[in-house]
Participant: 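Pasting a structure below so you can have a look.
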Amino acid sequence: MNLGELLQLQWRAPLWWLLALTPLLLIGLARLRKPSWQRYADPQLQPWAVRHGNTIEQQTLLRTLTEWTFWLLLACALAGPRLPLETLSNQPQQTKHDMDVMVVLDVSPSMAAADIAPSRLLRAKLKLQDLMVRWHGERIGLIAYSGEAGLLLPLTRDTGAFIPNLEFASEALFEDRGSHLAAALNLALKNLGNAQRSRAVLLVTDAEASSLSGEAGNTAIAAARVLKNSGVSLYVLISASETGATLTLNDAPINSRPDLAGYRALTEITGGTVALLSDNDSDLAALYQRGILALPASRQASDKSLTWREFYTYPLLAALLLLLVNTLSFTRRGKQALVAAVSLAASGAAQADDATWREAHQSYRQGQYLVAQHTYHKLSGFHARMGEGGSAYRRKDFAFAASQFTQALLLASNTQQRADALFNLGDSYFYAGNRNAAADAFDGVLRLRPNDQHAKENLARVRGTLVLRNAPVPSTAGIPGRRGRGLGEGEATDTSPLDMAPSKDEARPMVGEESTDAEAARRLGQSTAASQLDSDASRSAALKKLDLLTDQRLSTLKQSIKQDATREPPQGMPPW
């Protein structure tokens, strides 16, 4: 804070400055009491009978000054020094930016490409979570689209409702594959509501080139022009690398690359901008700070209340430290206690993290997974997120475990850590019911560790379950379990996360202990007719258990989207 800002300080409760006169009050009380203690003993006995050191008049000059300073600092803290934010470093006044923003998220098959780790879709979701921290009171909604579009969250100011709905955005919501961008933009305009309010669409997509080709491109351009005529700006966040990626669809390799020029032209129609997803905040700065946030807010509901920066903590902390020093520093024992306190504080700060790590690990080993999860949450870094995810995994909270393993993947500093995070991420996705994402994660492990036998076996098993769910007739076995049992016949696996250092007799997640399991998994991944189920009842039981692993809310959303979906996709639209 410079001198100019200091002169602009304002006070929340200035009457508290009267507290600084407390030393004068104490001096007055001491003088009133002086005749009473003088009568207590004869003058020659007073040095032994009366303790003069407690009276302000008998204190040393240094201690008197420290006590006056203490009361002055305490009065300053209670008076509440503060500054409006616009006076600090020339920051603009923080007002509520009242407008409507509809987030349109692409969940088409091409968003599963891993040219940006862990995948285009997951990185897009993480970036949207970062955006929520920057929100300035805009109403926000969420639409997902693939070959059709569906509304997941209507406009709301409750940003806490956005993240849970974002987690359900996936390709599994839609029966039609592809990138029907026009349907998504038209649905966004329909749900943006009042034309008198400022409105914008934030499109998060991989900008797949085929989405703007042929009839699909014509309908997308027409939808963008409708947005412009309605006064709605379009902003695009591209979640893909410029070079693109190769993905497999129906056993055929597909080259998916973003059409940067085409999407820039699309946003220019409405006066919006395009940004390529980055590891830093430059993409959000371009789209939100210099884009959406620069749009005019709705006048009728503008909140012009000031946001303050409070400074009371600084004088309060100084007052408390001064009180401690003043209390302890005038006796020998006090000085020793002060030195001991400083030493203990220094050593305690150095040992705090170690104690937390030990507590988290011990709680996990004792099976107190909820306690371990909360303890790991207090720590930071790759291993902390792995521990938090592992604890949630043991509690069978597989969706939360997947989010923590994703965070660990982004924090990984080497190939080994990235592979470990992807392995556990794949395992969590499998038990959360998202077998396509699980297969992608295990495939990512093999790209980093080609000789990882556990990842090979798990990938074969996941692909086997995908075949099982899609097979028209019974032709495949269930997932072999830890003891040679399928999911239709009993508990499948042990679920120790990699970060928890399983013992020699404890298998990794989804990895069988017996060689017969591994051989069965390889056969299952290589051929859909590797083995036969004993009966139709066994197959039905296996399918039922697999369905129970999936959150029922996904089915509810899917049925809701079916009712409102656009059933006229553009001719020639590719399925990615």
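In what follows, every heavy atom counts, from backbone to side chain, and hydrogens, waters and symmetry copies are set aside.
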Participant: Quick check for you: to the nearest 0.5 Å, what is the distance between Asp427 atom CG and Phe405 atom CZ?
Facilitator: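 The distance works out to 8.0 Å.
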Participant: So, taking the atom named CG in Leu293 and the one named CZ in Arg134, what distance separates them when rounded to the nearest 0.5 Å?
Facilitator: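 One finds 10.5 Å between CG of Leu293 and CZ of Arg134.
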Participant: Taking only residues two or more places apart in sequence or in another chain, which ones pass side chain to side chain donor-acceptor pair (under 3.5 Å) with Arg385?
Facilitator: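 Expected list: Glu388, Gln404.
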Participant: So that I can tick it off, tell me whether Asp100 and Arg139 are bridged by a salt bridge, with the cut-off set at under 4.0 angstrom between side-chain N and carboxylate O.
Facilitator: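 Salt bridge: yes.
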Participant: What pairs with Ser282 under side chain to side chain donor-acceptor pair (under 3.5 Å), at least two apart in sequence or on another chain?
Facilitator: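 Expected list: Ser278, Asn280.
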Participant: What distance do Leu411 atom CG and Met386 atom CE have between them, rounded to the nearest 0.5 Å?
Facilitator: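 Reported value, rounded in 0.5 Å steps: 11.0 Å.
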Participant: Any chance you could measure Leu152, atom CG, to Leu105, atom CG, to the nearest 0.5 Å?
Facilitator: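 Reported to 0.5 Å precision, the distance equals 8.5 Å.
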Participant: Let's go through Glu171 and Arg177 carefully: what are the C-alpha distance in whole Å and the side-chain angles of both, what is the deciding distance for salt bridge (charged side-chain N to carboxylate O under 4.0 Å, His left out) to 0.1 Å, and is it a yes or a no?
Facilitator: CA-CA 8 Å; Glu171 182 194 353; Arg177 288 186 169 188; 2.9 Å; yes
Participant: Look up atom CZ in Phe442 and atom CG in Leu459, then write down how far apart they are to the nearest 0.5 Å.
Facilitator: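 Rounded to the nearest 0.5 Å, the CZ-CG separation comes out at 8.0 Å.
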Participant: Run the numbers on Arg257 and Thr243 for side chain to side chain contact (heavy atoms under 4.5 Å, CB included), then give the verdict.
Facilitator: CA-CA 6 Å; Arg257 58 180 181 81; Thr243 56; over 6 Å; no
Participant: Under 3.5 Å, is there a donor-acceptor pair between the side chain of Thr270 and the main chain of Leu234?
Facilitator: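 Checking the backbone N and O of Leu234 against the side chain of Thr270, a donor-acceptor pair under 3.5 Å is found.
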Participant: Do Leu203 and Tyr235 have side chains that approach each other closer than 4.5 Å (heavy atoms only, starting at C-beta)?
Facilitator: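 No - every pair of side-chain heavy atoms lies 4.5 Å or more apart.
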Participant: Asp115 side chain to Ser241 main-chain N or O, any donor-acceptor pair under 3.5 Å?
Facilitator: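 Pair found, side chain donor or acceptor close to backbone of Ser241.
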Participant: With sequence neighbours excluded, tell me which residues meet side chain to side chain donor-acceptor pair (under 3.5 Å) with Asn186.
Facilitator: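 Asn186 satisfies side chain to side chain donor-acceptor pair (under 3.5 Å) with no residue once adjacent residues are dropped.
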Participant: Show the nearest heavy-atom pair for residues Met111 and Thr205, with the distance to one decimal.
Facilitator: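 Scanning both residues completely, I find the closest heavy atoms to be SD-C, 4.1 Å.
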Participant: Over all heavy atoms of both residues, which pair between Phe174 and Ser146 is shortest? Give the atoms and the distance, please.
Facilitator: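 The answer is CD1-CB, 3.8 Å.
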Participant: CZ of Arg123: more than 12 outside heavy atoms within 6.0 angstrom?
Facilitator: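 Yes, enclosed.
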Participant: Short question: side chain of Lys125, backbone of Ala169 - any donor-acceptor pair under 3.5 Å?
Facilitator: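 The answer is yes, because a donor-acceptor pair under 3.5 Å joins these two groups.
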Participant: How far apart are the C-alpha atoms of Gln417 and Ser413, what are their side-chain angles, what is the distance that settles it, and do they pass the side chain to side chain donor-acceptor pair (under 3.5 Å) test?
Facilitator: CA-CA 7 Å; Gln417 289 184 349; Ser413 58; 3.1 Å; yes
Participant: So do Leu212 and Tyr263 actually touch side chain to side chain, heavy atoms under 4.5 Å?
Facilitator: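 The answer is yes; the side chains approach within 4.5 Å.
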Participant: For Gln366, is the CD atom crowded, meaning more than 12 foreign heavy atoms sit under 6.0 Å from it?
Facilitator: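 More than 12 within 6.0 Å, yes.
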Participant: For Asp206, run the side-chain hydrogen bond (donor to acceptor under 3.5 Å, both in side chains) check against Ser179, Ser239, Ser110, Ser108 and tell me which one passes.
Facilitator: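 The single option meeting the side-chain hydrogen bond (donor to acceptor under 3.5 Å, both in side chains) with Asp206 is Ser110.
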Participant: Quick check: do Val201 and Val101 have side-chain heavy atoms less than 4.5 Å from each other?
Facilitator: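 A side-chain contact is absent here, since even the closest heavy-atom pair is not under 4.5 Å.
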Participant: Is a salt bridge present between Lys456 and Asp452, judged by a nitrogen-to-oxygen distance below 4.0 Å?
Facilitator: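 No, this pair does not count.
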Participant: Would you call Met132 and Leu128 a side-chain contact if the rule is heavy atoms closer than 4.5 Å?
Facilitator: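 No. Closest side-chain heavy atoms not under 4.5 Å.
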Participant: Please find the pair of heavy atoms, one from Ala286 and one from Ala275, that lie closest to each other, and give the distance.
Facilitator: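 It is CB-CB, 4.4 Å.
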Participant: Does atom CG of Asp158 have more than 12 heavy-atom neighbours, drawn from other residues, nucleotides or ligands, at distances under 6.0 Å?
Facilitator: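 Enclosed.
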Participant: Strictly distance-based, threshold 3.5 Å: is any side-chain N or O of His377 a donor or acceptor partner for the main-chain N or O of Ala384?
Facilitator: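 No; judged by distance alone, with no hydrogens or angles, the pair does not exist.
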Participant: Can you confirm whether Met102 sits close enough to Asn191 that some side-chain heavy atom of one is under 4.5 Å from a side-chain heavy atom of the other?
Facilitator: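 Yes. Closest side-chain heavy atoms under 4.5 Å.
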Participant: Do Trp135 and Tyr288 have ring centroids that are under 6.0 Å from one another?
Facilitator: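 Ring-ring flag for Tyr288/Trp135: true, centres closer than 6.0 Å.
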Participant: Pair Ile238, Leu260 - check side chain to side chain contact (heavy atoms under 4.5 Å, CB included), show working.
Facilitator: CA-CA 8 Å; Ile238 298 179; Leu260 301 181; 3.3 Å; yes
Participant: Between Ser403 and Gln407, is any side-chain donor less than 3.5 angstrom from a side-chain acceptor?
Facilitator: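 The answer is no; no qualifying pair exists.
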Participant: To the nearest 0.5 Å, how far apart are CZ in Arg449 and CG in Leu422?
Facilitator: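 If I round to the nearest 0.5 Å, the distance is 9.0 Å.
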Participant: Just wondering, do Ile143 and Val103 contact through their side chains at under 4.5 Å, heavy atoms?
Facilitator: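 With C-beta onward as the side chain, the pair stays apart.
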Participant: Please check if any side-chain donor atom of Glu148 sits under 3.5 Å from a side-chain acceptor atom of His180, or the reverse.
Facilitator: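 Absent: no donor and acceptor within the cut-off.
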Participant: Evaluate Val232 against Leu192 for side chain to side chain contact (heavy atoms under 4.5 Å, CB included), listing each step before the verdict.
Facilitator: CA-CA 9 Å; Val232 179; Leu192 276 172; 3.8 Å; yes
Participant: Looking only at heavy atoms, what is the nearest atom pair of Val274 and Leu287, with distance?
Facilitator: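 Heavy atoms only, the tightest pair is C-CD2, 4.3 Å.
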